[in-house]
Q: 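Could you have a look at this structure, given as structure tokens, before my questions?
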Amino acid sequence: MKNFITFEGMDGAGKSTHLERFAATLRARGHEVIVTREPGGTPLGEQLREMLLHQAMSMETEALLMFAARAEHIAKVIRPALNAGKVVISDRFSDASFAYQGSGRGMDWEKLQRLEAWVHHDLQPDLTLFFDVTVDVSRQRLANNTMLDKFEQEKGDFFERVRAGYHRRVLEHPERYEVIDGGQALDAVAAQLDAVLASL
Ligand code: TMP
């Protein structure tokens, strides 16, 4: 069984919609499953999330706060749950920092790799489901949303870079990724997830 599973993708890619059903399927198989998210997942992390999603700040500050929230999340939630034999599903993890702060904002990839090594130690997801959608699809899906956060308000070229950043991470760590075509209709995306679940 793959115990640490992360869901990634651009805003509007549909990952959060499918995450609960994915978790429910694993629970029905008898696994104890914890669903969590980043930024967030702990009381401190949720406070940092509020700032990160709604306050302007420098690129470095943003990256450091993302990893600060992650350090807390790993120490207080992820490692204890994995050590207790639970399955942890996180709605986003470090790949998002590479895609958004690295590729999107232009922060040096190697600096992020150093933060990753510092904060993760030997921890990496066993499986990452990357919901890939074009920027147009992402935009269309966000169009009905009137409460856009700081990231969702970014322009199209920012999201083109974010998408390219995710693709770079998939190429760098192909062994842990399943790429889901998030542009398809809900049922078709669910079928792709069923295929992944069947292989676990
Ligand atoms: P959410 O909309 O999936 O809850 O994620 C919140 C936003 O935070 C999303 O726009 C992506 C962004 N984000 C980063 O920029 N870097 C990170 O490391 C993480 C975890 C999220």
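Read the numbers this way: they start at 1 and go in the same order the structure lists the ligands and their atoms.
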Q: Any N/O of Glu152 closer than 3.5 Å to an N/O of ligand 1?
A: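 Looking only at distances, the answer is no, because the N/O contact criterion of under 3.5 Å is not met.
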Q: Could you tell me the residue and atom name of the protein heavy atom closest to atom 18 (O) of ligand 1, and the distance to it rounded to 0.1 Å?
A: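 Here the nearest protein heavy atom works out to Ser97 OG, 2.5 Å.
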Q: For Arg49, take its heavy atoms, then give the atoms of ligand 1 lying under 4.0 Å from any of them.
A: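 Listed by number with element, the hits are 1 (P), 4 (O).
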Q: My understanding is that we take every heavy atom of each candidate and find the minimum distance to atom 1 (P) of ligand 1. Doing that for Met66, Glu62, Arg92, which one comes out nearest?
A: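 Shortest heavy-atom distance from atom 1 (P) of ligand 1: Arg92.
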Q: May I ask which of Phe67, Phe159, Tyr100 has a heavy atom nearer to atom 11 (C) of ligand 1 than the others do?
A: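 Going through Phe67, Phe159, Tyr100 one by one, Tyr100 has the nearest heavy atom to atom 11 (C) of ligand 1.
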Q: Pull out every atom of ligand 1 sitting under 4.0 Å from any heavy atom of Arg70, numbered as shown with elements.
A: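 By the 4.0 Å cutoff, the relevant atoms are 18 (O), 20 (C).
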Q: Among Phe130, Phe7, Phe4, exactly one meets ring-ring contact (aromatic ring centres under 6.0 Å, His included) together with Phe93. Which residue is that?
A: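 The option that passes is Phe4.
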Q: Show the nearest heavy-atom pair for residues Val196 and Glu178, with the distance to one decimal.
A: CG2-CG, 4.0 Å
Q: Heavy atom under 4.0 Å from ligand 1: found in Pro39's side chain, backbone, both, or neither?
A: both
Q: Spell out, as yes or no, whether a donor-acceptor pair under 3.5 Å connects the side chain of Glu38 to the backbone of Asp91.
A: no
Q: What distance do Thr128 atom OG1 and Glu175 atom CD have between them, rounded to the nearest 0.5 Å?
A: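 Answer rounded to 0.5 Å: 9.5 Å.
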Q: So, Arg70 and Asp95, do they make that salt bridge, N to O below 4.0 Å?
A: no
Q: Which of the atoms in ligand 1, numbered in the order shown and given with their element, are less than 4.0 Å from a heavy-atom of Glu38?
A: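 Listed by number with element: 20 (C).
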Q: Mind listing the closest non-hydrogen atom pair of Pro80 and Ile74 along with its distance?
A: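 Shortest heavy-atom contact: CD-O, 3.7 Å.
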Q: Among all protein heavy atoms, pick out the one at the shortest distance from atom 2 (O) of ligand 1; state its residue, atom name and that distance to 0.1 Å.
A: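 For atom 2 (O) of ligand 1, the nearest protein heavy atom comes out as Asp11 OD2, 3.6 Å.
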Q: With nothing but distance in play, are any N or O atoms of Gln101 less than 3.5 Å from an N or O of ligand 1?
A: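 In this structure, Gln101 places an N or O atom under 3.5 Å from an N or O of ligand 1.
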Q: Quick one: do Glu154 and Arg161 make a salt bridge, cutoff under 4.0 Å?
A: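 A salt bridge is absent here (no side-chain N lies under 4.0 Å from a carboxylate O).
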Q: I need the atoms of ligand 1 closer than 4.0 Å to a non-hydrogen atom of Lys15, numbered in the order shown.
A: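 That gives atoms 3 (O) of ligand 1.
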Q: Under 4.0 Å from a heavy atom of Ala96: which atoms of ligand 1 are those, numbered in the order shown and with their elements?
A: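 Selected atoms, number and element: 16 (N), 17 (C), 18 (O), 19 (C), 20 (C), 21 (C).
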Q: CG of Leu19 to CZ of Arg37: how many Å apart, nearest 0.5 Å?
A: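 The distance works out to 12.0 Å.
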